[in-house]
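Because the structure is predicted, anything quoted here is derived from the model rather than measured. Throughout, protein chains are lettered first and strands after them, A, B, ... in sequence-line order, and every chain is numbered starting at 1.
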There are 2 protein chains.
Amino acid sequence: MAKSQSAPTLEDVAKAAGVSTATVSRCLNDPNRVIEATRKRVMAAVDQLGYTPNFAARAMAAKRSLTIGAVIPTMNNAIFARALQAFQDQLAQAGYMLLVGSSAYDPVAEREQIRNLVARGVDGILLVGFEREPETYDYLKRHGVPTVAAWTYSEDGPVPSVGFDNHLAMQSLTEAVLSYGHQRIGFIAGKTEGNDRAKGRVDGVIAALAAAGIPRDQLILREADYDISAGAIHFREMMDAPHPPTVILCGNDVIAAGAMRQASRMGLSVPGDVSITGFDDMELAQIITPALTTVYVPHDEMGQRAARTLLQQIEGAEDVASVKLATKIVFRASLAKPTSVP
Amino acid sequence: MAKSQSAPTLEDVAKAAGVSTATVSRCLNDPNRVIEATRKRVMAAVDQLGYTPNFAARAMAAKRSLTIGAVIPTMNNAIFARALQAFQDQLAQAGYMLLVGSSAYDPVAEREQIRNLVARGVDGILLVGFEREPETYDYLKRHGVPTVAAWTYSEDGPVPSVGFDNHLAMQSLTEAVLSYGHQRIGFIAGKTEGNDRAKGRVDGVIAALAAAGIPRDQLILREADYDISAGAIHFREMMDAPHPPTVILCGNDVIAAGAMRQASRMGLSVPGDVSITGFDDMELAQIITPALTTVYVPHDEMGQRAARTLLQQIEGAEDVASVKLATKIVFRASLAKPTSVP
DNA sequence: TTGTACGCGTTATCAC
DNA sequence: GTGATAACGCGTACAA
């Protein structure tokens, strides 16, 4: 029996093919630098022994790991999962694999994960949003690890970004809502602490109201976790208050779904008694009844472009441009004119 | 300026602390084997230099990478994403990171990913389902890589499993459906090729029908991709046929959501004109209208248990037991008695 | 075109 | 308790 202990090494292949390890290495990494005859012999040995290179050794010698890291808040949110899948597909094509960490929206955990990824020698890192300690960016720069921030966009961020303007997107949606005639607005936002995307969306709403001359205290603002029940709870509180809003904007589609469910539990009709809007346009938005007016975000494209932006940096490009993705409002049944109010 | 070229190494720390690299290494990996005084000195040097170990080097020397690989069909499906998140959380606690690959339901791609993971020296691998070439299992065994299969369960599979009995779960649901009085059954299953979970579910339905003495040709069976539109299309075809079923079972909740949407587009009431059931009990199931009768699967627990099962193997446990998770039927409004038929 | 030999940063096995 | 030092598997100047 052959020993089934350890995988064959470069040296085993070299011996089998009657060449040096250097030649084998070249065959694998830069085939044209070796003459056809020997190359064939080497290749034969390679797949006869079932040789596969040891990545750790390769990483150490070549100082590249063919691995990309990503730190996202959570994969439980379909939008992160979806973009991450697109990101990963694109990387796989280029021979990279994805090392994932999740922060659970905790800045400290994120920082840890980033250091861990760097220690593991990843060739690049995908982050969500810009907001984090400057030290982290220093750290990344010092270690020469290419980085890209997604779900956000700025031409002059600390690292290139691939995303959209959260402020503008939400401002547009709010303007549209106002044009329907709504005056009392509720907004169940995502938690804004350490979350520039959520912050941008809140600012967008406020800006739209200001532009329309609606007093700031007409806005009922709450921050919620990104889940169904949080949406439901805040919806109930808002609607139970003395002067309930005629429309409730939500920080994302999941919160909106929670609001919608609560509405039906309270016997409120949407959009008859109250309009509801979301953000992201996940599949969910089309499935619930009534269908959700929301902001479409090209998640797949974001993942793909983020991957390409990162690969460009890895390949040595100097000034990689940030990518600004367009969002658009998708009007569906959940938004309508407010009914006359007392 | 300090040189910002490369990260500090063990040797730098050793020099700074006035000890040998061996001592530094011990301080980090097995602190009690070094006296307090020196340990303090070393630790001070460590975080003064901002030292973080190089994983590639560590992997090579220690023959463990503190990395776990996973190959799943796709993260776009919330159920995989969800369990993967739980899996990852559990691993992170033990100091491991997750290297993910996705197969897009393609056996060849999966095989590639597995080899890639092994070449990268992962300490363990998570796979979905049992069905794949025996060679793959040989390969994994030969390389001594602990493996666990999830979303499926068997006491004597090629590797330990953490999951549930797909056959039994679907059989139970079908029995429940039959007990409502349904006779003409439609089943929009997932693609069964290379997918033992989908196959198990189909067999479960067939077994239940057989046990109830319902002729096999009363079952209208279709295979669909796991997405909304596929569910919609097959639903329409089934309902447009001469003798439409009174209930349509679906291979998962997403397909069911598609069916439901199509029903409303066709002006069919659920469950008035036709009942619909799903599988997985994702959040979706409670949000759509009517709420979906489905099979609850403990995805989070599955991810967690899979992680622990894998870690046990890595820690050298000999006969790690497979974990059988319980599913249960969740009755909601989408299932009711069939209305009298002509 | 091909081979030699060193270095990459750790861990682990020895002595001391 | 601590310090040399030999692996670990590969890439790559440099030499031939």
Side-chain angles (χ1 to χ4, degrees), chain A residues 5-43 45-46 49-67 95 115-116 118-123 143-144, chain B residues 5-43 45-46 49-67 95 118-123 143-144:
Chain A
Q5 309 287 31
S6 56
T9 72
L10 247 204
E11 192 170 345
D12 296 333
V13 177
K15 217 164 284 176
V19 296
S20 75
T21 62
T23 301
V24 179
S25 176
R26 276 189 285 259
C27 277
L28 269 34
N29 302 314
D30 197 356
N32 1 355
R33 286 194 38 178
V34 54
I35 209 168
E36 167 132 14
T38 56
R39 186 173 55 211
K40 266 187 151 170
R41 205 150 33 101
V42 171
M43 286 320 203
V46 163
L49 269 65
Y51 169 78
T52 37
N54 176 317
F55 273 70
R58 169 181 290 198
M60 218 161 69
K63 292 171 179 326
R64 50 181 299 208
S65 60
L66 286 179
T67 304
R115 300 187 101 81
N116 199 305
V118 172
R120 285 164 184 273
V122 295
D123 297 332
H143 287 263
Chain B
Q5 310 287 30
S6 55
T9 72
L10 247 204
E11 191 170 346
D12 295 334
V13 177
K15 216 163 285 176
V19 298
S20 75
T21 61
T23 300
V24 180
S25 178
R26 274 189 288 258
C27 280
L28 269 33
N29 302 314
D30 198 356
N32 2 355
R33 288 193 35 180
V34 54
I35 208 166
E36 167 132 12
T38 57
R39 187 174 53 210
K40 265 188 153 173
R41 207 151 31 103
V42 170
M43 288 318 202
V46 162
L49 270 63
Y51 168 79
T52 37
N54 175 316
F55 274 72
R58 168 181 292 195
M60 219 162 65
K63 293 172 179 324
R64 50 183 300 214
S65 60
L66 286 180
T67 304
V118 172
R120 285 165 182 273
V122 294
D123 298 333
H143 288 263

- Note on the structure: salt bridge (Lys or Arg N to Asp or Glu O under 4.0 Å) filter on A:K15, not counting sequence neighbours, yields A:E11
- Atom pair distance, as rounded to whole Å: CZ in A:R41 and C1' in C:dT2: 11 Å
- Item | B:I35 CD1 - D:dG3 P separation (whole Å) | 12 Å
- A:V24 to A:V19 - nearest heavy-atom pair and separation: CG2-CG2, 3.7 Å
- Specify the closest pair of heavy atoms between B:L49 and B:A16, including all atoms of both residues, with the distance to one decimal. CD1-CB, 4.2 Å
- Can you pull the salt bridge (charged side-chain N to carboxylate O under 4.0 Å, His left out) pairs that have at least one residue in residues 55-67 of chain A, sequence neighbours excluded? none
- All heavy atoms of B:D12 vs all of B:A7, minimum pair found to be OD2-O, 4.4 Å
- Rounded interatomic separation in angstrom, taking CZ from A:R120 and P from C:dT10: 14 Å
- Message: Across nucleotides 9-16 of chain D, 5' to 3', mark each nucleotide with B, S or - according to how protein heavy atoms within less than 4.0 Å reach it.
- Response: BBSB----
- When you look at A:T9 and A:N54, which way does the side chain to side chain contact (heavy atoms under 4.5 Å, CB included) test go after all the steps? CA-CA 8 Å; A:T9 72; A:N54 176 317; over 6 Å; no
- Message: Can you list everything that forms a side chain to side chain contact (heavy atoms under 4.5 Å, CB included) with A:S65? Sequence neighbours excluded, please.
- Response: A:A59, A:T67, A:D123
- Message: Using whole Å, what does the distance between atom C1' of nucleotide D:dG1 and atom CG of B:D30 come to?
- Response: 12 Å
- Query: Once you round it to whole Å, what is the distance between C1' of D:dC8 and CZ of B:R64?
  - Reply: 16 Å
- Message: Does anything in residues 29-39 of chain B form a side-chain hydrogen bond (donor to acceptor under 3.5 Å, both in side chains)? List the pairs, not counting sequence neighbours.
- Response: B:S25-B:N29
- Message: Using five pairs at each end of the helix from C:dT1-D:dA16 to C:dC16-D:dG1 to define an axis, what is the angle between those two axes, to 10°?
- Response: 30°
